[in-house]
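So the structure is just underneath, and the comments pick up after that.
Atoms considered below: every heavy atom in the structure, side chains included; atoms not considered: hydrogens, waters and symmetry mates. Residue numbers run from 1 in the order of the sequence given. What you are looking at is a predicted structure, and each value in this text was computed from that prediction instead of being measured.
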Amino acid sequence: MTTFADFGRKGGSARTRRKRAAARANGKLGGRPYSRTLAEFLLRRKIPPEQQRLVEKAFGDLFQHEQEAIRKYFHVMDWALSPIYTDAFIPISRILNRDIRFYIKKFRLIANHLFAKARPPKPRIYWEWRHPSYEEEERWEARHESGIPCPSRKVRVDPTRLPSFSYMKWLFEHNNGKLSVAEICDGAGAQMTRRRAEILLDYLRRQTANKS
């Protein structure tokens, strides 16, 4: 069985200063956190946030003992906000349990049927300007001797991957949508910029509007 620690140990071969620091930080946390949700892991595809409702409905159509068996087999944390659309689980590459393989095939069949019936979603794309990293600045200076600083680049932002997303989502729902940009910046820490807070708040409001 593959655990978070197994992924974290791979960082020991890092050669740059920042990669070594990241490997040590992930090691203290038990390994690098998994980047995909359990639904994406089982369906073997990227699931946009707009399809979260369909994924949860497909999982809810399973029998209760089938849902509990999948959650127990993949060690889904009790504090996870969603039983299937969450990254709080332990990925297992080889599924030896025959019953679990059957439950997963059943879940895939239901989910793909719902995806085919649903109208293709039109996800909103969020952007932000990201400052260059230390390595990018070094490569830029090596190629440009004129002294022109390395420019920022425009990158896409996934609201569900922002710092403290689960907590901010819970806080937004607990306060019935009454959450400000300043409160998000204060509660999420230094990595939450004002631009990211605006993106997160807009995303949560759109999700609430789509469910109503």
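In summary, R130 and E128 engage in a salt bridge, as defined by a charged side-chain N under 4.0 Å from a carboxylate O. Salt-bridge check for R153 with E136: passed, with a basic side-chain N closer than 4.0 Å to an acidic carboxylate O. For D202 and R124, the salt-bridge test passes: some basic side-chain N is under 4.0 Å from an acidic carboxylate O. A salt bridge links R194 with E198: at least one charged nitrogen is closer than 4.0 Å to a carboxylate oxygen.
From D61, atom CG reaches atom CD of Q67 across 8.5 Å, with rounding to the nearest 0.5 Å. Note that CZ of R98 is 15.0 Å distant from CD1 of I95, once rounded to the nearest 0.5 Å. In this structure, CD1 in I84 is found 5.0 Å from CG in L42, a value given to the nearest 0.5 Å. Atoms CD and CD, from Q51 and E40 in turn, are 10.0 Å apart once rounded to the nearest 0.5 Å. Once rounded to the nearest 0.5 Å, the distance linking CG of L114 with CG of L54 reads 6.0 Å. Here CD1 of I184 is found 4.5 Å from CG of L200. Values are rounded to the nearest 0.5 Å.
Judged by distance alone, the side chains of D158 and Y126 never bring a donor and an acceptor atom under 3.5 Å apart. Remark: the S82 side chain and the Q52 side chain contain no N/O donor-acceptor pair separated by less than 3.5 Å.
Under the 4.5 Å side-chain heavy-atom criterion for Ile, Leu, Val, Met, Phe, Trp and Tyr, V181 and W127 are members of distinct hydrophobic clusters. Following chains of ILVMFWY side-chain contacts shorter than 4.5 Å, one can reach F102 starting from I100, so the two form part of one hydrophobic cluster. The hydrophobic cluster containing L81 does not contain F165, counting ILVMFWY residues as joined when their side-chain heavy atoms lie under 4.5 angstrom apart, directly or transitively.
Side chain of S164 to backbone of Y167: no donor-acceptor contact under 3.5 angstrom is found. In this structure, W140 contributes its side chain and P151 its backbone to no donor-acceptor pair below 3.5 Å. With E183 contributing its side chain and S180 its backbone, the two residues share a donor-acceptor pair below 3.5 Å. Y85 places a side-chain N or O within 3.5 Å of a backbone atom of I47 that can act as its donor or acceptor partner.
Residue H113 places its NE2 atom among 12 or fewer non-hydrogen atoms of other residues, nucleotides or ligands, all under 6.0 Å distant. In the displayed structure, R143 atom CZ is contacted under 6.0 Å by more than 12 heavy atoms of other residues, nucleotides or ligands. Crowding of H131 atom NE2: a count of heavy atoms from other residues, nucleotides or ligands under 6.0 Å not exceeding 12. Atom NZ of K178 has 12 or fewer heavy atoms from other residues, nucleotides or ligands within 6.0 Å.
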*asked:* Show, in sequence, the C-alpha distance, side-chain angles and deciding distance for F74 and I104, and conclude whether the side-chain contact (heavy atoms from CB on, under 4.5 Å) test is met.
replied: CA-CA 12 Å; F74 290 96; I104 293 175; 4.0 Å; yes

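The aromatic ring centroids of F41 and F89 lie less than 6.0 Å from each other.
R196 has its side chain within reach of P163: a pair of non-hydrogen atoms, C-beta onward, lies under 4.5 Å apart.
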